[in-house]
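One structure is given below, encoded as C-alpha cells.
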Amino acid sequence: MTTTEPRPQRYNAKETEEKWQSVWAGRGTFAVETDRARPKYYVLEMFPYPSGKLHVGHVRNYTMGDVVARYKRAQGYNVLHPMGWDAFGLPAENAAMASGDHPARWTYDNIAVMRGQLKRMGLSYDWRREIATCHPEYYRHEQKMFLDFLAADLAYRRESWVNWDPVENTVLANEQVIDGRGWRSGALVEKRLLAQWFLRITKFADELLDGLGTLERWPERVRVMQEKWIGRSEGARVQFALDGRPDRLEVFTTRPDTLFGAAFCAIAPNHPLAEELARGNAELAVFIAECNRMGTSEAVLETAEKRGFDTGLKARHPFRAGVTLPVYVANFVLMEYGAGAIFGCPAHDQRDLDFARKYRLAVVPVVLPPGEDATRFEIGTEAYTDEPGTLFNSEFLNGLAVPAAKRAATQKLEALQAGTGTIAYRLRDWGVSRQRYWGCPIPVIHCPACGIVPVPEADLPVSLPEDVRFDRPGNPLALHPTWKHVRCPRCGGAAERETDTFDTFFESSWYFARFCSPRAPTAMTRGDVDYWLPVDQYIGGIEHAVLHLLYARFFTRALAACGYLAVVEPFAGLFTQGMVCHETYRDADGNWLFPEEVHRTDGVLSDAKGRPVVSGRLEKMSKSKKNVVGLEAIVDAFGADTARLYLLSDSPPERDLEWTDAGIEGSWRYANRLWRLATDPPVDLPPPGARVPHELPPPLEDLRRAVHRTIVAVTDDLEKFRFNRGVAHIRELTNAIEALEPDEHSAGAVLREAIETAVKLLGPMMPHLGEELWQALGHTRLLADESWPVADAELAREERVTYAVQVSGKLRDTVDVPRGTGQDAVIEVVLKRPAVQRALDGRAPRKTIFVLNRIVNVVP
RNA sequence: GCCCGCGUGGCGGAACAGGUAGACGCAACGGACUUAAAAUCCGUAGGCGCGAAAGCGCUGUGCCGGUUCGAGUCCGGCCGCGGGCACCA
C-alpha cells in the first residue's frame, strides 16, 4: 500500500453501537406480549445484585442469554428476555453504616449505573419489564404469598438455634461466622434460641426429589447436588423401652436388619433426654457443654474422637427378651437428623465400631459378606458396611439377604409395636427470618391477647419505614420509635409488628414469574404465567446449584398449591456457565495490585515505581484480590460487540475463562476484518436478493458449499451452547471468503450470499456490527427482524469425499473421490497409490476395511 | 473418606457416533508495505530425524496395560488437578 492509497478504515464501535441501541429502543424491537398464536421461548439469566458495577462475569452470563434470545427470535419464537434487580441484601445496609447513605438510595443509584452499563452491551431485553425486588410494588406480592402460605400451613414459626453476634445484635448466617467470630465485629458468636419463621420445604421433599428426574435439560451434577442435599434415606424408627422409665427412646436407622448386632444406643448431646439427665448429673452436664463447644468444621470433625458418656440407662432390645443396651450421650450423634438418637451396630458401621472399640463394647457381626465363612468371619478395624451378604447370628433373619432382612425386621418391629418403617431426609425447613432492615417485612403482628395475627390483605404492603438510623447496632426496624407499634387487626388492642424481614432468597424464588406480568396488580396473571412458564432456558452460576435453584423449585410448588400458577418446575432448561478469571498481581510488600497498575516489559512485571511484581495464580475476579477488569474501559476501547465475541469465543461456556488483553484484541481485529469485508468487498456486489447462478466454477462452488455447511454447523453449535465452536466456524467461513480469488464475473452473487450469511450467523453474538453491516449490504429491514438462515441440504453436502488411507492402521495417504463412489472403486484407487504400495512392500493385502466416506484400511 | 468432572502444542481450545489429532484463535517467528512505528497483508509452526526441495520416516493426546484392522475417544489399574458433600445413623 502506498501513502496515496486510503488507509484501511476502522470500524467505529462507539458510534455504531449507540446508533443501533437507539434504533432498537425507538422501534420497541424487543418488546413482547403474550401471544397464544405463536410459540414462546423464555430465556432468563440470573438477575444481579446491584452491587454497584457490572463485571465481565455478569456480561459473560448475559451475553450467552442474549445469543440464545436473538437466535430463538430469528427462528420465529415469541421470545421473553427480561432483566431486573435482586435488590434487597446486606451490602446496602453495610454501605449505610459505613457512609450514612440510605440503603434505598444506595441501591437505586447502583441500579441506575448498572442499567446504563447493561444498555451499553446491547442486550435484547424488554426493558419495560424491568423489576427491582426492593420496590413495594414487588415485595407486597410476596407478603400476600406468605399469608397464603400461612393459611396453607406452608409457613410456621418455631424456636431455633441461631448464630448471634452480641456486638451487632443480630443473627449471622453460617457463612458470616469465621472461626467462631462475627465477620465484622470480631465478637465471639453465641448460639441463641430465637423464634424464627420457616417455610415447610420438607413437605415437598419427595416431589422435589422426583421432579429432578424430569429436568432433562439440567446439568447432571446440579441434579446430583440437589439429590444429595435432599438426602432421602429409607429406614425405620425403633422405639426402645427403657428400664425404670415409662417413656421409650426412639432412634432412626437405615439398617434395621442389623438390630441383632446392636451393642449400644446413643443420643445427641442436646437430645431432650440428655438435657433432662444432665440436670441431675453435673458430670454429664460438663460433657454436654464440651460437646457443644466443639465446632462442626471439617478440620474439627476429621480429628475429633468419638466420645460418649454412659448415662447408666438401659434400653431393652426389641427382639431379644432380657437383653439390654447401654445408653450413651455421644458427640457424633446429631440432634437435627432422624430422631437425634441411634442404636450402634459396631460390626456394620465404622463410627459405631470406633466407638465400641474405645468403650470395649461387643462387636457381633450379623451380615456375612459373600464368600466368607460364618465360623471364622471377624471384624477387625474396619466395619463391613456393604450391602451384599447374608444375615447370620440373627434368629429369624438368618439366611436372608440384606434387603429382605430390612423388610422382615421392619415388619417384625411393626408387629411388636416397637417401630415403623419411615423415611428420613437431610433437608431441613427453610428459615426465612432475618433481623435486618433492608429486606421484605414479614407481614404479621404480635398481639399480647390474640397471639400471631396476619396483617389483613387490605393493609398490604407493609412498607419499610424510610426514616431509619444505622448508627447503632441491632435491627433498625426493631429500634425504630414508631413503626412497629400498631393496633391488633383482630382485637384492636396495642400490638407490635414482626420486625424480622425475609431472607433475600425469598425474592429470587418467584421473580421469573413476575416478569411474565410485571405491572399486574396481582403477583401474576394466569394467562401470562400459563403462557410463558416454565423458563425454557435459565443461565447462571453453579454457585446457586442448591440454594436458589432448590428454593425456587419449592416456591413454585408452594405457589401452585395456593393457586397462583400451574407449573411445578420453574426452569425447564438450565445452563451453568463458568467464571471469568484473571491473573493476580502482588507487589514486593505482598499488596494486591490492579492489572492496570502493572507494567509489562519483555515479559517482566513491575509496578508504577519500577519495583518487581509477582503474578499469582488465576482466580475468579474479585475486588479483594484486585484482579478485576473494568468493563467501561473495555467497551470504550473496543465496543460491546468485541467484548461479547471474546467472552463467547475463548473458552467453552461451562468452563472458566481467563480474561487476557491479547485475547480481546484478537476479537477486535476480527470485528474490523468483517467490517472491511462487508463495507468494501473485493468485487462489486449485486443488489440484495440476487440469484446465485446454478453452474459455478469450482472455487465459487466450494465457497457456496462452505456457506451452507457453516449454516448447519453454527445452528447446531448454538443449539448445544457451543458458542466457542460457533465462532470458530464463522471465522472459518470468513477465511474462506477472503481466500477467494475474485476473478469470476459470477463472484458477486456468491460473495453476497457468503458475507450475508456470515453477518446473519454472527448477529446474535455481535448484534450492533450485524445491524451495521446488514444495512451496509443494502438492506432496509433490521437484521434483528430477519429470520435465521436455512441451509440447502444438497449444497451443505460435500460433493467430493476424502478417504484416509491406512495400511495396518497407520495413515499413509489420502484419496479424493466423488461422493457416492462405490467401495470397490475406492479400494481399486487406493491399492494403486504409490504410498500404499510402498507401505505394503510387496505383501499382498489380506483384508481391507472400508468405512463409507471415511477410511480405507489395508491390512497385509 | 465418598461422589462428580477434567488431564490434547508455548497458551485458550477443536476432533459428530472408535476412523486423517491439533480446526479456530492467542502468543511467537520470518517476510511485504512504511523513514520508522502502528495498522494491514503474506508465510511458518507438535517433537525428533533424513532431504537442496517436493517430500519421507519415526514419534506424539498424564502414566501402565487391554480390546480392535484402527483408541484422544472404549475397558482395567495408577498418577495429577479442580469442584461438591461429609460424624446424616
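Chain naming here is simple, since letters A, B, ... match the order of the sequence lines and numbering starts at 1 in each. On a predicted model such as this, the values are computed, not experimentally measured, just so you know.
G47(B) and G10(B) have their P atoms separated by 8 Å, with the value rounded to a whole Å. A distance of about 30 Å separates the P atoms of G7(B) and U44(B), rounded to the whole Å. When the C1' atom is compared between A23(B) and U8(B), the two are found 13 Å apart, to the nearest whole Å. The P atoms of G5(B) and C75(B) are separated by 11 Å, rounded to the nearest whole Å. For the P atom pair drawn from C74(B) and G55(B), the interatomic distance equals 35 Å after rounding to whole Å. Taking atom C1' in both C50(B) and A71(B), one finds a spacing of 29 Å when rounded to whole Å. If you take atom P in C79(B) and the same atom in C64(B), they sit 15 Å apart, rounded to whole Å. Straight-line distance between the P atoms of U73(B) and A17(B): roughly 14 Å, to the nearest whole Å.
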### Query
Step by step, would you call Tyr359(A) with Phe264(A) a ring pair (Phe, Tyr, Trp, His ring centres under 6.0 Å)?
CA-CA 10 Å; Tyr359(A) 294 100; Phe264(A) 63 97; 8.7 Å; no
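Residue Asn735(A) places at least one side-chain N or O closer than 4.0 Å to OP1 or OP2 of G25(B). Contact annotation: Arg722(A) does not reach the phosphate of A14(B) (side-chain N/O to OP1 or OP2, under 4.0 Å).
If you check every strand for non-hydrogen atoms under 4.0 Å, Val333(A) touches a base. Residue contacts for Gly231(A): at a heavy-atom cut-off of 4.0 Å it reaches no nucleic acid atom on any strand shown. Gln806(A) comes within 4.0 angstrom of a base, heavy atoms only. Among the protein residues, Arg426(A) comes within range of the nucleic acid bases, having at least one heavy atom under 4.0 Å from a base atom.
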Please list each protein N or O that sits under 3.5 Å from an N or O in nucleotides 3-9 of chain B, with the distance.
none

### Query
Given pairs defined as Watson-Crick or G-U wobble with both distances under 3.5 Å, what dot-bracket annotation applies to RNA chain B, with ( ) intrastrand, [ ] crossing, | other strand and . unpaired?
(((((((..(((......[....))).(((((.......))))).(((((....)))))..(((((..]....))))))))))))....
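Of the possible donor and acceptor atoms, none in the side chain of Arg833(A) sits under 3.5 Å from a partner among the backbone N and O of Asp813(A). With hydrogens and angles ignored, the 3.5 Å screen pairs no side-chain donor or acceptor of Asp656(A) with any backbone N or O of Gly578(A). Side chain of Ser394(A) to main chain of Leu397(A): no donor-acceptor pair is present (N/O by atom type, distance under 3.5 Å, no hydrogens or angles). A donor-acceptor pair is defined here as one N or O able to donate and one able to accept, closer than 3.5 Å; no such pair exists between the side chain of Arg812(A) and the backbone of Val805(A).
Scanning residues 837-850 of chain A for heavy-atom distances under 4.0 Å to RNA chain B yields Arg838(A), Lys847(A), Ile849(A).
Among the nucleotides C26(B), U20(B), G12(B), the one closest to the side chain of Thr802(A) is U20(B). Counting only heavy atoms from C-beta on, Ser233(A) has its side chain closest to A89(B) among C87(B), A89(B), G13(B).
A heavy-atom distance below 4.5 Å is not found between the side chains of Trp675(A) and Asn12(A).
Heavy-atom minimum distance, Val333(A) versus Ala266(A): CG2-CB, 3.8 Å.
You'll find a donor-acceptor pair under 3.5 Å spanning the side chain of Arg854(A) and the base of C16(B), going by distance alone.
Salt-bridge annotation for Lys358(A) and Asp354(A): absent, with no side-chain N of the basic residue lying under 4.0 Å from a carboxylate O of the acidic one. Remark: Glu234(A) does not engage Lys406(A) in a salt bridge, criterion side-chain N to carboxylate O under 4.0 Å. One finds a salt bridge joining Glu738(A) and Arg673(A) here, because a Lys/Arg side-chain nitrogen approaches an Asp/Glu carboxylate oxygen to under 4.0 Å.
With a glycosidic angle further than 90° from 0, G62(B) counts as anti.
Sequence order on RNA chain B of the closest nucleotides to Glu665(A) and Phe332(A) puts Glu665(A) first from the 5' end.
Taking atom CG of Leu674(A) as the reference point, atom P of U40(B) lies 14 Å away to the nearest angstrom.
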